[in-house]
Amino acid sequence: VKNIAVLTSGGDAPGMNAAIRAVVRTGIYHKLNVFGVMYGYRGMIQDDIVPMDSKSVANIIQRGGTILKTARSKEFFTPEGRKKAYENLKKRGVDGLVVIGGDGSFKGAHVFSQEFGIPCIGLPGTIDKDISGTDFTIGFDTAANTAISAIDKIRDTADAHDRLFIVEVMGRDAGYIALYSGLATGAEHIMVPERPSDIENIVAALQDNERRKKLVNIIVVAEGCPHGSATEMAEVVRREIPSFDTRVCILGHIQRGGSPSCMDRIIASRLGYAAVKALLEGKYQSHMAGVINNEVRYTPFEQAIKTTEQIGEEWFGLYRILAS
Ligand code: ATP
């Protein structure tokens with residue numbers, strides 16, 4: 001390879017900038033020309049592509065968001081759209097692509113790589129931690145820490161007023177932000193999409209808490225819970241235990257922003273380096289670089305996007321014991 005391009009796509013995640021920086025600097029170190037594609041696949045189709053140098057990624061490792069911006073592109077789903085994108089890479093001689101994004105971005109990269117024979121390496125950039133082939137995704141740790149500091153603050157005010165708070169956290173169809181932030185803040189209950197929540201049991205436990213005069217309670221609910229959103233859960237609690245002063249707090253987009261944690265900066269730096277190394281070695285055509293057991297591993301896109309991973313029962317046994 002001589003010329004590589006890097007883009008960020010799909011939902012933004014803290015640490016994407018650290019990954020871009022690692023890709024650009026590793027590429028330049030190995031005498032490659034590095035291009036930055038603005039706005040993900042949309043920019044690739046619209047020819048919004050800029051040359052990157054070492055200075056263009058200075059002072060960004062600590063910044064949230066992504067200097068390359070991100071977008072979703074309907075046109076990239078079509079063969080015509082992807083052809084346009086390919087032409088724009090071809091005229092610059094791009095012979096390797098690094099895609100930082102989530103499962104949708106990897107699906108796109110896989111199709112693109114198959115169609116035009118361009119080696120594509122993906123980096124898991126999503127706060128949701130819903131990708132196989134890596135223990136953590138870039139952005140998850142920061143998002144979970146943001147949720148934790150918010151829930152700690154909520155507990156202060158809950159404690160002052162003897163209130164029950166139902167806190168909704170992000171994660172799409174994955175419950176990891178809820179699980180980690182709930183466990184780390186001592187939440188009384190955690191509701192995740194991977195596991196049906198026994199609402200009757202939760203209500204019974206809360207009634208028991210009421211009898212014991214334990215009036216401060218926190219329930220952390222993942223946004224993707226099909227069996228009761230935070231608002232629905234609040235309705236149930238208000239109906240069943242009217243004596244509780246019940247409030248809902250939806251944390252929302254603050255979880256996507258902010259300076260990336262140490263862990264996210266390190267994963268992003270390691271994986272950005274690993275992506276360029278894989279392109280240089282020419283070993284992987286359509287793979288994601290991830291970290292498993294603290295070692296860099298490459299997983300084919302088809303496997304990485306299969307999110308069949310379940311949250312094991314031991315996690316729930318653990319928080320039930322610790323929260324009792
Ligand atoms: P996040 O999980 O954070 O939302 P994501 O990468 O999964 O990130 P998506 O919106 O699902 O985000 O995908 C990003 C882009 O990837 C889409 O807008 C589209 O351009 C492209 N893409 C997704 N799936 C495909 C596909 N099957 N074929 C071609 N392109 C795709």
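We count ligands from 1, going down the list as the structure has it; atoms in each ligand are counted the same way.
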message = Using a strict threshold of under 4.0 Å (side-chain N to carboxylate O), is an ion pair present between Lys91 and Asp47?
response = yes

ask   = Taking 4.0 angstrom as the limit, do Asp162 and Lys213 come out as a salt bridge?
value = no

note = When every non-hydrogen atom of Phe165 is compared with those of Cys249, the smallest separation belongs to CD2-CB, 4.3 Å

inquiry  = For Tyr41 and Phe76, take the angle between the two ring planes, folded into 0 to 90°, and tell me which bin it lands in: parallel under 30, tilted 30 to 60, perpendicular over 60.
reply    = parallel

query = Any idea how Tyr86 and Phe116 line up, ring-wise: parallel (<30°), tilted (30 to 60°), or perpendicular (>60°)?
reply = parallel

Hey, what polar pairs (N/O, under 3.5 Å) does ligand 1 make with protein?
{"unit_1": "ligand 1", "atom_1": "3 (O)", "unit_2": "Gly11", "atom_2": "N", "d": "3.3"}
{"unit_1": "ligand 1", "atom_1": "4 (O)", "unit_2": "Arg72", "atom_2": "NH2", "d": "2.6"}
{"unit_1": "ligand 1", "atom_1": "4 (O)", "unit_2": "Arg172", "atom_2": "NH2", "d": "2.8"}
{"unit_1": "ligand 1", "atom_1": "6 (O)", "unit_2": "Gly102", "atom_2": "N", "d": "2.9"}
{"unit_1": "ligand 1", "atom_1": "6 (O)", "unit_2": "Gly102", "atom_2": "O", "d": "3.4"}
{"unit_1": "ligand 1", "atom_1": "6 (O)", "unit_2": "Ser105", "atom_2": "N", "d": "2.9"}
{"unit_1": "ligand 1", "atom_1": "6 (O)", "unit_2": "Ser105", "atom_2": "OG", "d": "2.4"}
{"unit_1": "ligand 1", "atom_1": "7 (O)", "unit_2": "Asp103", "atom_2": "N", "d": "3.4"}
{"unit_1": "ligand 1", "atom_1": "7 (O)", "unit_2": "Asp103", "atom_2": "OD1", "d": "2.8"}
{"unit_1": "ligand 1", "atom_1": "7 (O)", "unit_2": "Gly104", "atom_2": "N", "d": "2.9"}
{"unit_1": "ligand 1", "atom_1": "8 (O)", "unit_2": "Gly11", "atom_2": "N", "d": "3.4"}
{"unit_1": "ligand 1", "atom_1": "10 (O)", "unit_2": "Arg72", "atom_2": "NE", "d": "2.4"}
{"unit_1": "ligand 1", "atom_1": "16 (O)", "unit_2": "Gly104", "atom_2": "O", "d": "3.4"}
{"unit_1": "ligand 1", "atom_1": "18 (O)", "unit_2": "Ser73", "atom_2": "N", "d": "2.8"}
{"unit_1": "ligand 1", "atom_1": "20 (O)", "unit_2": "Ser73", "atom_2": "N", "d": "3.4"}
{"unit_1": "ligand 1", "atom_1": "20 (O)", "unit_2": "Ser73", "atom_2": "O", "d": "2.6"}
{"unit_1": "ligand 1", "atom_1": "22 (N)", "unit_2": "Gly104", "atom_2": "O", "d": "3.3"}
{"unit_1": "ligand 1", "atom_1": "24 (N)", "unit_2": "Gly104", "atom_2": "O", "d": "3.3"}

task = Just jot down the side chain to side chain donor-acceptor pair (under 3.5 Å) partners of Asn209, sequence neighbours excluded, or say none.
result = Arg212, Asn217

